[in-house]
Amino acid sequence: MAKTKTQFVCSNCGFVSQRYMGRCANCGAWGTFVEEVMQPEKVDRKSRVNLAGQVAKVERLDEVNIEETPRIKTDNEEFNRVLGGGIVPGSMVLIGGDPGIGKSTLLLQISGQLANLGKKILYIAGEESASQIKLRAERLGVRGDSDFLLFPETDMKQIRQAIDEAQPEFVVIDSIQTMQEPDISSSVGSVSQIRETTAELLQIAKTNNITIFIVGHVTKEGAIAGPKILEHMVDTVLYFEGDNQRSFRLLRAVKNRFGSTNELGVFDMQHGGLVEVANPSDLFLEERLADASGSAVVVAMEGTRPILVEVQALVTPTVFGNAQRTASGIDRNRVSLLMAVLEKRANLLLQNQDAYVRAAGGVRLDEPAIDLAVAIAIASSYNDIQTRSTDAFIGEIGLTGEIRRVPNVVERVNEAKKLGFKRVFVPKHVAEQLADIEGIQIIATKTLSGALKTALE
């Protein structure tokens with residue numbers, strides 16, 4: 001009997017090694033190698049075809065015909081925004097998130113909305129039975145008719161046959177880690193299984209112009225489980241974020257071939273399912289205390305949408321030898337840098353102070369325009385001076401203490417005006433763009449020290 005040949009595959013990036021390695025030589029992850037039986041190379045891969053059913057051919061760039069494909073809009077505007085304006089036919093969308101965050105709930109609601117538009121849906125469940133999905137659909141108010149089909153199956157041969165027979169326009173795979181290719185001898189959820197099943201689904205989507213939504217599990221670090229090739233193969237990667245302590249959920253795109261990756265969708269998880277939040281700024285500011293020290297409001301941009309978020313800071317004398325710098329929702333290195341600028345350019349003695357900075361509401365802020373609000377919050381807490389509840393702050397801080405310009409300042413100021421703010425601090429170099437805006441006081445600041453003097457007077 002021939003000896004079975006094995007290989008070791010990194011479950012994080014898919015790197016293949018002939019021997020076990022403690023650390024992956026490709027991605028640097030520790031303890032991620034799993035042993036798998038080597039599979040013979042397949043030579044019966046189908047040729048890639050285009051959406052018209054024709055075999056691909058070599059063409060000159062200027063001779064390629066472009067056909068504008070209309071996007072399919074659902075009733076959920078937040079979902080449409082994150083996808084770039086709607087669902088692109090024939091695309092593959094991967095949705096990842098923590099267990100119980102609401103991935104299956106979101107896709108079940110979207111499937112129901114598409115069925116109401118006359119689209120044919122095939123919902124393939126690898127983790128639930130048909131009766132369990134039916135119970136959840138009744139709770140969510142999703143109607144089941146002839147256009148909404150359920151298929152609890154994990155065998156890719158059976159799934160291919162069901163897709164050929166049903167001819168759906170949309171397919172939901174829940175989840176990709178439970179699907180298995182019978183010709184692959186490795187266990188369900190292994191790197192080989194995930195890679196082969198995703199490749200098969202990609203061929204089905206592009207050949208038959210079927211939109212496929214894939215649910216992906218995440219690791220303890222928050223990344224989608226399986227090799228990185230899984231994210232490279234799909235057209236769009238969405239992450240569903242949130243926690244069990246808050247009812248709202250955030251949907252953001254980290255990859256999108258048909259739109260921006262900066263858009264953010266906000267949902268509120270209720271008993272009847274996910275409800276879109278049309279104005280997230282009200283949600284992030286509803287519990288803010290008026291005239292509190294250590295608090296400042298920033299107008300951040302999430303894609304094309306401005307969002308007002310409260311930045312909170314607590315500065316206290318340290319009881320240890322080295323002062324602590326703790327941040328939540330904001331990069332810790334950015335907080336340390338801003339505190340160094342405050343100490344050097346604004347004469348605040350912060351080297352013996354512990355600082356705790358967070359973005360209220362659990363949102364994550366990572367753009368330079370939040371610098372001024374973070375600095376104001378830290379200085380307000382250090383001096384124990386209240387900030388005005390009707391002030392908003394926009395601006396990047398340089399290492400020399402200057403306030404630098406940021407993009408989309410007109411949209412940010414208009415959003416602050418709409419929510420009732422009376423003053424907004426902006427970089428001096430962009431003040432001329434705001435000359436036509438009335439109903440809100442524009443305070444143009446050139447330096448950090450000047451902004452602190454005006455905001456904390």
Side-chain angles (χ1 to χ4, degrees), residues 288-289 291-301 308-361 363-406 409 412 416 421 423-431 442-457:
R288 186 189 181 211
L289 294 178
D291 300 323
S293 63
S295 173
V297 174
V298 61
V299 189
M301 292 295 296
L308 278 78
V309 181
E310 180 188 8
V311 176
Q312 297 178 337
L314 178 62
V315 179
T316 59
T318 183
V319 295
F320 302 102
N322 297 322
Q324 299 185 50
R325 305 286 185 258
T326 304
S328 175
I330 301 173
D331 184 28
R332 180 178 176 274
N333 293 328
R334 181 184 295 273
V335 173
S336 299
L337 183 148
L338 292 175
M339 293 187 68
V341 175
L342 283 169
E343 185 160 357
K344 187 71 174 180
R345 308 299 179 187
N347 298 321
L348 299 183
L349 186 60
L350 299 173
Q351 57 186 329
N352 59 351
Q353 303 286 322
D354 291 337
Y356 307 90
V357 183
R358 68 187 293 264
V363 68
R364 187 176 71 248
L365 303 175
D366 55 5
E367 65 166 334
I370 70 172
D371 288 355
L372 183 57
V374 174
I376 294 293
I378 292 174
S380 172
S381 178
Y382 174 75
N383 295 314
D384 199 18
I385 299 177
Q386 299 175 350
T387 58
R388 296 189 186 182
S389 60
T390 55
D391 285 356
F393 303 91
I394 307 167
E396 178 186 358
I397 297 178
L399 295 182
T400 58
E402 80 278 12
I403 308 299
R404 308 178 69 88
R405 68 175 73 232
V406 296
V409 65
R412 298 174 195 259
F421 283 80
R423 299 194 307 179
V424 59
F425 289 70
V426 300
K428 186 176 181 179
H429 299 287
V430 300
I442 307 297
I443 301 179
T445 56
K446 187 176 182 180
T447 62
L448 175 59
S449 58
L452 292 173
K453 183 178 179 181
T454 305
L456 302 180
E457 61 183 2

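Numbers here are sequence positions counted from 1.
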side-chain contact (heavy atoms from CB on, under 4.5 Å) between L348 and N383, worked out = CA-CA 9 Å; L348 299 183; N383 295 314; 4.2 Å; yes
Could you check whether any side-chain N or O of [X] sits under 3.5 Å from a backbone N or O of [Y], counting only pairs where one atom can act as donor and the other as acceptor?
X    : Y    : value
T387 : S295 : yes
R288 : S389 : yes
D354 : Q324 : yes
R332 : R325 : yes
S293 : Q386 : no
S381 : V315 : yes
T318 : Q353 : no

request  = List for me each residue that meets side chain to side chain contact (heavy atoms under 4.5 Å, CB included) alongside A300, sequence neighbours excluded, and say none if there are none.
outcome  =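 Only L365, E367 meet the side chain to side chain contact (heavy atoms under 4.5 Å, CB included) criterion with A300.
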ask   = Does L337 have any side chain to side chain contact (heavy atoms under 4.5 Å, CB included) partners at least two apart in sequence or in another chain, and if so, which?
value =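 So L337 forms a side chain to side chain contact (heavy atoms under 4.5 Å, CB included) with V341, L399.
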key: Check against side-chain contact (heavy atoms from CB on, under 4.5 Å), I443 and F425   = CA-CA 5 Å; I443 301 179; F425 289 70; 3.7 Å; yes
request  = In sequence, state the C-alpha distance, the side-chain angles, and the governing distance for R412 and V406, and then conclude on side-chain contact (heavy atoms from CB on, under 4.5 Å).
outcome  = CA-CA 10 Å; R412 298 174 195 259; V406 296; 4.2 Å; yes
inquiry  = Taking atom CG as the centre, does N322 end up with more than 12 heavy-atom neighbours from other residues, nucleotides or ligands that are less than 6.0 angstrom away?
reply    =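 At most 12 heavy atoms, drawn from other residues, nucleotides or ligands, come within 6.0 Å of this atom.
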request  = Dump the intermediate steps for side-chain contact (heavy atoms from CB on, under 4.5 Å) on K428 and T445, then the final yes or no.
outcome  = CA-CA 5 Å; K428 186 176 181 179; T445 56; over 6 Å; no
query = To the nearest 0.5 Å, how far apart are CG in L452 and CD1 in I376?
reply =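 Between L452 CG and I376 CD1, I get 4.5 Å after rounding to 0.5 Å.
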message = Can you confirm whether L342 sits close enough to I378 that some side-chain heavy atom of one is under 4.5 Å from a side-chain heavy atom of the other?
response =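 Yes, their side chains come closer than 4.5 Å.
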Sequence-distant partners of T326, side-chain hydrogen bond (donor to acceptor under 3.5 Å, both in side chains), two or more places apart =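 Not a single residue meets the side-chain hydrogen bond (donor to acceptor under 3.5 Å, both in side chains) criterion with T326.
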